[in-house]
Amino acid sequence: MRSLVGDLVLVRLQEERDPLLHKRLYNALRRAILDGSLAPQSRLPPSRDLAGELGVSRNTILTTYEQLLAEGYVVSRRLPPTTNVTFCD
């Protein structure tokens, strides 16, 4: 089953021009967070699920999530056995 975030990212990825996939993905998610398309306190899909939806490597998704986390766009709540990533207010 596809997620709304996955669909949104697919649309936004087509608008991005950076040759590096993880940067295009980062920019697409960052723009969606900043313009309110992704609501505060929403959960990002698990990296495996989003990677499967987009047909990309899980490492690409993890790199993107880590960059969003490092820049303060998302927060991570590590609860075994998964990592939940939510958007900041």
Side-chain angles (χ1 to χ4, degrees):
M1 183 161 104
R2 295 178 59 103
S3 70
L4 292 175
V5 173
D7 290 341
L8 176 64
V9 169
L10 280 173
V11 170
R12 298 275 175 118
L13 277 176
Q14 294 173 0
E15 300 167 358
E16 295 295 330
R17 299 292 173 227
D18 197 296
L20 299 175
L21 179 58
H22 72 277
K23 286 187 178 182
R24 288 197 324 261
L25 181 60
Y26 163 81
N27 287 329
L29 283 170
R30 180 180 163 275
R31 280 191 12 240
I33 292 167
L34 292 175
D35 71 15
S37 297
L38 298 175
Q41 302 304 315
S42 299
R43 285 188 177 180
L44 288 172
S47 58
R48 284 185 177 92
D49 293 352
L50 188 57
E53 286 183 43
L54 301 179
V56 300
S57 162
R58 181 173 176 237
N59 285 337
T60 300
I61 303 299
L62 290 173
T63 299
T64 301
Y65 282 3
E66 288 170 4
Q67 187 65 37
L68 290 167
L69 181 64
E71 294 184 13
Y73 292 106
V74 297
V75 295
S76 176
R77 296 185 180 101
R78 294 188 182 270
L79 302 171
T82 61
T83 299
N84 297 317
V85 182
T86 57
F87 308 118
C88 292
D89 292 327

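All values below come from the heavy atoms of this structure, side chains included, with hydrogens, waters and symmetry mates left out.
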Exercise. In chain order, what residues pass the side-chain hydrogen bond (donor to acceptor under 3.5 Å, both in side chains) check against Ser47, with sequence neighbours excluded?
Worked result: Arg58
Exercise. Do Tyr73 and Ile61 share a hydrophobic cluster, counting only Ile, Leu, Val, Met, Phe, Trp and Tyr and linking them when any side-chain heavy atoms are less than 4.5 Å apart?
Worked result: yes
For this session: Could you walk me through whether Val74 and Leu29 pass the side chain to side chain contact (heavy atoms under 4.5 Å, CB included) test, one step at a time?
Result: CA-CA 10 Å; Val74 297; Leu29 283 170; over 6 Å; no
Exercise. Can you get from Leu69 to Leu62 by hopping between Ile, Leu, Val, Met, Phe, Trp and Tyr side chains that sit under 4.5 Å apart?
Worked result: no
Seminar exercise, completed: CZ of Arg24 to OG1 of Thr60, rounded to nearest 0.5 Å, is 10.0 Å
Exercise. Could you give all pairs that pass the salt bridge (Lys or Arg N to Asp or Glu O under 4.0 Å) test and reach residues 28-37, with sequence neighbours left out?
Worked result: Arg12-Asp35, Glu15-Arg31, Glu16-Arg31
Exercise. How long is the gap from CG on Leu68 to OG on Ser76, to the nearest 0.5 Å?
Worked result: 12.0 Å
For this session: Give the minimum heavy-atom separation between Thr63 and His22, together with the two atoms involved.
Result: CG2-CD2, 3.8 Å
For this session: Test side chain to side chain contact (heavy atoms under 4.5 Å, CB included) on Leu54 and Leu25 and set out the steps.
Result: CA-CA 10 Å; Leu54 301 179; Leu25 181 60; 4.0 Å; yes
